[in-house]
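Indexing begins at 1, ligand by ligand and atom by atom, following the structure's order. Quick caveat: nothing in here was measured; it's all calculated off a predicted structure.
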Amino acid sequence: MPSLQDLLASVRDVEDFPKPGIVFKDITPILADPKLFKHAVHLMAETVSEHKIDKIVGIEARGFIFGAALAHHLGVGFVPLRKKGKLPWKTHEEAYQLEYGEAVIELHQDALIEGEKVLLVDDLLATGGTLSAAIKLLDRLHAKVIGIAVLVELEFLNGRSKLNHHPLHSILIY
Ligand code: AMP
């Protein structure tokens with residue numbers, strides 16, 4: 001079985017992507033290796049095992065990969081939170097800032113039932129702008145965000161402070 005060290009070593013640093021000054025944490029080497037991918041999903045599932053979860057909301061695009069895998073692993077539903085203009089049905093939306101730009105996220109209006117316990121999933125927490133916008137959107141829909149799970153946390157950016165005290169579960173911390 002791979003170790004945490006193997007996972008850490010498999011994240012590739014890509015300098016100046018997508019903009020000068022950004023060091024992009026590329027998780028595709030983990031996805032390409034079935035043992036590493038399985039282990040990453042397993043560790044994420046372990047860290048959220050204390051929670052009773054109704055649905056996982058995964059954030060486009062890499063949050064779909066880990067969110068869907070985790071939903072499948074845990075036997076719960078999956079809801080995609082997408083960039084503006086991608087979802088076909090009626091949506092609620094929220095604007096947010098990225099580490100490198102600006103965007104709007106959307107969720108189908110009927111994707112969640114009021115009071116459902118939601119685990120938010122993304123691949124990586126940087127400044128926390130995306131996840132904090134997702135929390136605001138879910139609050140507006142009266143979903144109950146019981147926790148947030150990411151594979152990678154860029155601790156030095158202190159994104160955690162923007163998560164409104166929701167429990168954050170991260171596996172690989174830089
Ligand atoms: P943020 O809103 O700043 O927390 O950014 C989080 C989102 O942007 C996640 O969906 C990440 O996939 C992506 N992202 C931001 N910064 C990086 C980075 N340095 N490396 C890889 N992905 C990043």
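Within the structure, ligand 1 has Gly128 among the residues with a heavy atom less than 4.0 angstrom away. Residue-ligand proximity: Leu131 is placed with every non-hydrogen atom at 4.0 Å or more from ligand 1.
For atom 21 (C) of ligand 1, the nearest non-hydrogen atom from the set Phe17, Phe24, Tyr96, Tyr174 comes from Phe24. With Asp123, Ile59, Thr130 as candidates, the residue nearest to atom 11 (C) of ligand 1 on a non-hydrogen basis is Asp123.
The distance from atom CD1 of Ile56 to atom CZ of Phe78, rounded to the nearest 0.5 Å, is 8.0 Å.
The side chain to side chain donor-acceptor pair (under 3.5 Å) test applied to Asn164 returns no partner, not counting sequence neighbours. Applying the side chain to side chain donor-acceptor pair (under 3.5 Å) criterion to Asp16, with sequence neighbours excluded, gives no partner residue.
Checked against a 3.5 angstrom limit, the closest N/O atoms of Arg62 and ligand 1 fall inside it. Polar contact with ligand 1: absent for Leu124 (N/O pair, distance under 3.5 Å). Ligand 1 has no N or O atom lying under 3.5 Å from any N or O atom of Ile22, backbone or side chain.
No more than 12 heavy atoms of other residues, nucleotides or ligands shown are found within 6.0 angstrom of CD on Gln5. Residue His73 places its NE2 atom among more than 12 non-hydrogen atoms of other residues, nucleotides or ligands, all under 6.0 Å distant. Annotation for His92: atom NE2 counts as buried by contact number, over 12 foreign heavy atoms lying within 6.0 Å. For Lys38, the NZ atom is loosely surrounded, since the number of other residues' heavy atoms within 6.0 Å does not exceed 12.
Here Val152 has no heavy atoms under 4.0 Å from ligand 1, in either its backbone or its side chain.
Those atoms of ligand 1 with a heavy atom of Lys25 less than 4.0 angstrom away are 18 (C), 20 (N), 21 (C). Listed by atom number, the atoms of ligand 1 under 4.0 Å from Gly129 heavy atoms are 1 (P), 2 (O), 4 (O). For ligand 1, the atoms sitting less than 4.0 Å from at least one non-hydrogen atom of Leu154 are 19 (N), numbered in the order shown with element in parentheses.
Under the side chain to side chain contact (heavy atoms under 4.5 Å, CB included) test applied with Ile146, the options Ile53, Asp54, Val48, Val118 reduce to a single match, Ile53.
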